[in-house]
Amino acid sequence: MTSTPDQDHVAAGNGGGVATLDPDELPTAATRTVPWLRIGVIAALIVVAIVLAYVRAGSGVVVVQAVTTGILIGGIYGLVAMGLTLIFGVLDIVNFAHGSFLALALFLTFGLTQAGLHVYLALAVSVPAMFLLGVLVQRGILAGAMGKPLENQLLITLGISLIIENALLLFFGANPRSVALSGDRGVPIFEAVANLSRILAFVGALLLAGLLYLLLQRTRLGTAIRAVAANDTGAQLVGIDTRVIYAVTFALGTACAGAAGTLVAPLVTIEPTTGSLFNIVAFVVVVLGGMGNVVGALVGGLIIGLAEQLGGIYLPGQSPLLSVFIVFVLVLFLRPQGLFRRSA
Amino acid sequence: MTTTTAPAATTAAGKPLPRQPWNRHLLAIAVLTVLLIPLPLILPPAQASVAVRVLIFALMSIGWNMMSGFGGMFSFGHAAYFGIGAYAGGFLLVEHNVSPWIGMLVGMVIAAAFATLIGFLALRYKLRGAYFALATFAFAEMLRLWATNSEFVNRAVGYHVPLRPESSWWWMQFEPASANYFWIALGLTVIALVVSVQFVRSRAGQFTKAARDDEDAAAAVGIPVMRYKLLTMALSAAITAVAGAFYVQYFLFIDPDLAFGSSVSIQAILPAVIGGVATIWGPVIGAVVMGPLNDVTATILRNPPPALEFLQGRGGLDVIVYGALLIIIVLLLPQGIYGALRKRWSRR
Amino acid sequence: MTLLRVENLAKSFKGLRAVDDVSFEVTEGSILGVIGPNGAGKTTMFNLVAGALRPDTGRVHLGGKEITGHAPHRITAAGMTRTFQLMRPFYSMTVLENVTVAVLAGGAAKRTARETAAEVIARVGLDKWRDAPTEGLPTAALKRLELARALASKPRVLLLDEVLAGLVPAERTPVMELLERLRTEDGVTLVFVEHIMAAVMRLSDSVLVLDLGRVLTSGAPEEVTRDPRVIEAYLGEDPHAKA
Amino acid sequence: MRKTWTLSLALALPLALAACGGSAPAGTTNGGGGQSGGTIKIGSLHPLSGSSAADGQQMDNGAKLAVEAINDAGGIKSQGGKKLELVSADTQGKPEVGQSEAQRLIQEGAVGLVGTYQSAVSANVSTVAERNKVPFVIDVSSADSILAQGYKNTFRVQPSSTVLGTSGAQFLDQVSKAAGKPVKSVAILHEQGPFGTAVRDAFKAEAEKSGIKVGPAIAYDAASVSDLTTQVTQVKASGADVLMVAGYYRDGVLAAKAVDTVKPALNAVYGVANGAFDLPQFPKEVGAAGEGYFDANYHADMTKPDMQALAQLYQSKYNDAIRTGAVLAYDSVQVIAAALEKAGSAEPAKVRDAIASGEVPTLIAGPGTIKFGPTGENLNATPILMQVQGGAPKQVFPADKAEAQPVYPAFKSQ
């Protein structure tokens, strides 16, 4: 009690609303009900947005293409955000290093493909390697900052990202690199087209989200993780070693970044700073989906992907990020707990 | 019936009230100011410019600390206020030939108004913790994106402050290595420090701290929480805007990334956290430590001691060292340097 | 004269009627005890009266003026203050600073605020802890701090939420004495939620019994505690046994 | 009271320490040189870390090679064969770092500066140079606004955004007419920064003069864009026969990938000062899809034997293909060296005058030597047209700089 007075007080000051995490995540039967109404409203809003885009663009092909691209990109945003949201939900850390973990995985994938491995087989290396790194980083650095104020953790993860990005620069030099997927080609979807590599990355994101969901919902480990997210002191009382859960969760989140890194490797230019491109969008997605909500992150990613692409049609000449932030702020004010998290 | 803790009013009169630290803080500020005045005359010019940068950091962070430290509302978007200050100064000077001093005042007012607006929305919708932080971040980013694409503020090009043939206090422009820059920055920082001391000891400051500690309890003793939170945010924004307005006149240039970029927000947070959040001296100490760090590591690596020679000329290494030091300081001194020192003192 | 009048107060949470059509009056200078089993809606009713929650329907009048739905700080300014069941000090401050803030919030001059606060602290018997940080203070002291902070804003009506809970019996008596003195010396009107029946019996002029959000009965303490419905509500538990 | 003093001391001490820490190396350099010592210092300011580090390091290497070449040839002969010394600084791509580093280099005795790649950094450094009256030769930074300040000490070797956009439009018109298929309409895809918008405006104005319809012009944010498929689909829907792209490397690659996916009916993809299309690694990254891409850009003149030699030297020394940025840095150092030679003095003011009135041969493809106009702009700075042919960028236009013939329409399938 006396060792962590700040934490207690902060929680009290917050009215217990935010610092303590998602009570929905508790494995009670009620949480399994699907919020159909909310999904319906969101779907309706998306349809309206698409119709407006059509009116504005005056070209069906462009809108179909925007929607296709938006969904495919959104899957990738969701993939990156899943790891982030898991870490936030359980460890209560706003992880600024997430993008640089992704960059690390990109370079790892690059190295492996140079050595002759197929891109997607690199997953077998990058995911476990990033998991391991996650354990090391959490135990070695972040464990000392658990329960510390937001700003301390923010600066620590910022430091980690500075180190990773510049270490990559130091060892690999700054020349952009790329990974080619042999047989990559445009695949027609209705009137639109999309690269095979993007479609595969999207499918990979869906599979990963499914796996993560099953892991969280159906395994003992998942139950323990959700218990810690909901109430770490309580979890401790029932015999869960929270230190292990913290490390494993952080590692899982990092492994997600690793998987994302490998999956997007054929789509992006590989540079030490590539990861930070995804980082900011991923934060937005995390909030949108509800912090700690893995499936929400995927849906949030899709929404942001669409917002970005359709926003380019509404506001030509403006950065697509502007529409992303507009959607973000609206959601933040109207549903601060995220789209898929119940109000407490 | 009568126990030791029973209400016995007689003991009250005898015990003198504890002394408060405010006047000591003010005295320390005065002493420090006097000590620092000759600094630019002693330092070689390249280091004097580092010293000015340290003061800009300190100023930004004193502003941040007021809202996020004393006020407990974690801002991850102080770039918004810094940028407003910078753009107000740049815009008025370049487009309308208005003195930077007036531009500074205008910037303070606009920044305060903008902060009040954001604060009202965020508090109205009860955003807290990370959500509040991300909302402030989003507003700063939206300003950046807007400025990048708005003809009104010259799009991504930003503003160059025109050089003047002669030095002038009114136009805040001097010889490049002039000590005046340092003195102006020092003056502004000292004013900000005094303001923050006076704020914390004031009714408003006490109410703000109470509201930070426990909002409901503060309301129950009769504090209009919203009003004082907004006041704190406005004051905080105004101080950070001063840093922005001075920045433009010192660096003679501003563009959307420099003004509203997320790294600016981090620069406002960094000194306070390193030095000690919610302390008067934290932002200053943090700025003094972190401001020159980049330069010191860069300098050492440029001409490394023999043992480290192999590192010479490798791009990015200085940033790695910086990142590592950042982690170490935050881990070892979670309450910041001043926080740790104060703890030692009070234990004695 | 009626100082606090509550009419038909109701509040639902997601279909659950936490407070349902509660009405009562408190005369100036009197002490009203509020009892009821767990989940009876006592704290919700408290929050509605003190402005922390906005009622769905109903009215609250203080000294003839309607204060329904006013923000808590306005209600405090109007002369009614509350304490919290779980103690909620301003954790970064010492005891003296905690109370000083409350004195200042009442509009006192800065010059004299600290002296006034020190007097209040002495009055509630916290002198020993006056300059201590609130972190690590024993429960008894924190309870008194809650009281001192509430008193600092010079309320006409004081709403006390389980002010005795968590105290050992030896610590209760002086607090009860203090409450009585508040009434007799300062003329403060008290409304207190309490589980400890001995205190209710000793202090209250009248008692309000809540059950399942409704007023079960009200009246003089002795009458109320003999009411079979009250005994029933407490699941057969004889309320006197608690004393 | 004691606490107060301790505090003041605690605060003053690190400041003093920082000052000492910073000044120690400055002291060593005083011992080592300055103008009175054995070498003449030239400052090189480039982003050696951060997102533009690849180009920054190339350019710093280019500047180093120039200094080595001059020293090997006997140094500055008019000053008794004094050797040059290149002092490199990392701007990190940040204007304020660039500014304080520039200040430091000048303090350490640099008589001239070259740099800096990013326009915002160059703008800041140009101000420092102006106030200290030290010449600053911009190797890469195209924003028109930098030289619009009326500064007397800033010179630019590469063409400005406006020159690039204007020449780009002229080249397109001429090449397509020569091929017998004059361009009818051009769609533009450009990054939204000052560079992209300036190129767009100049290109549009010039193209419309030749009766070419221009539109739509679609902007994107180079820092955050991750896919350009939708934008290219808009281009496809517009029916334009040429797509003009003005942007940097990463987004250029994205554009090429999107074109490959969407397959609009285009006669050419035509970069103007594009950061990707004229680089040797571009065809490697996008594969056959990059074949036939044009880029109207300032470029090293590979038809010159000196340039071929420099490219070889660079390859052997840094194990990397030289880029035009490095050549521009090389040339910029040559500009300062020639001025030192001409002025016979290492006094910055005299070096400045010598630069302003001098004429220096260049390795960049263009109509002549490097020669500065009254605003500091290189009067002979023009782009040439490159095209990816057989998996490598080749110079194709104007005819006197051509390594190969332009292929227009660029794509066979049409």
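Proteins get letters first, then strands, A, B, ... in listed order; numbering begins at 1 in each. The analysis underlying the following values was restricted to heavy atoms, covering all of them including side chains, and did not include hydrogens, waters or symmetry mates.
Heavy atoms of C/E146 lying under 4.5 Å from chain B are absent altogether. Proximity to chain B involves both the backbone and the side chain of C/S92, based on heavy atoms less than 4.5 angstrom apart. Heavy atoms closer than 4.5 Å to chain B are found nowhere in C/A50, neither backbone nor side chain. Of the two parts of C/I121, neither the backbone nor the side chain holds a non-hydrogen atom closer than 4.5 Å to a non-hydrogen atom of chain B.
In terms of heavy-atom pairs under 4.5 angstrom with chain C, the leader among B/A220, B/A218, B/A278 is B/A220. Interface summary for chain B: among C/A108, C/A113, C/G51, the most heavy-atom pairs under 4.5 angstrom belong to C/A108. Of the listed residues C/T81, C/L159, C/D131, the one with more heavy-atom pairs under 4.5 angstrom with chain B than any other is C/D131.
Taking all atoms of both residues into account, the shortest heavy-atom contact from B/A210 to C/M93 is N-CE, 3.5 Å. Across every non-hydrogen atom of C/R130 and B/P18, the tightest pair is NH2-CD, 3.7 Å.
Counting heavy atoms from C-beta outward, B/K209 and C/E97 have side chains that stay 4.5 Å or more apart. No side-chain heavy atom of B/P224 sits under 4.5 Å from any side-chain heavy atom of C/R74. Two residues are said to be in side-chain contact when any heavy atoms from C-beta on lie closer than 4.5 Å; B/Q206 and C/F90 fail this criterion. When side chains are defined from C-beta on, B/L17 counts as touching C/L96, because their heavy atoms get closer than 4.5 Å. With contacts defined as side-chain heavy-atom distances shorter than 4.5 Å, the pair C/L104/B/I223 does not qualify.
Proximity of a side-chain donor or acceptor of C/R88 to a complementary backbone N or O of B/D216 within less than 3.5 Å is not detected. Between the B/D214 side chain and the C/P89 main chain, no donor and acceptor come within less than 3.5 Å of each other.
Within 6.0 Å of NZ in C/K11 there are more than 12 heavy atoms belonging to other residues, nucleotides or ligands. Within 6.0 Å of NZ in B/K126 there are 12 or fewer heavy atoms belonging to other residues, nucleotides or ligands.
Distance CZ/B/F207 to NE2/C/H73: 11.0 Å, rounded to 0.5 Å.
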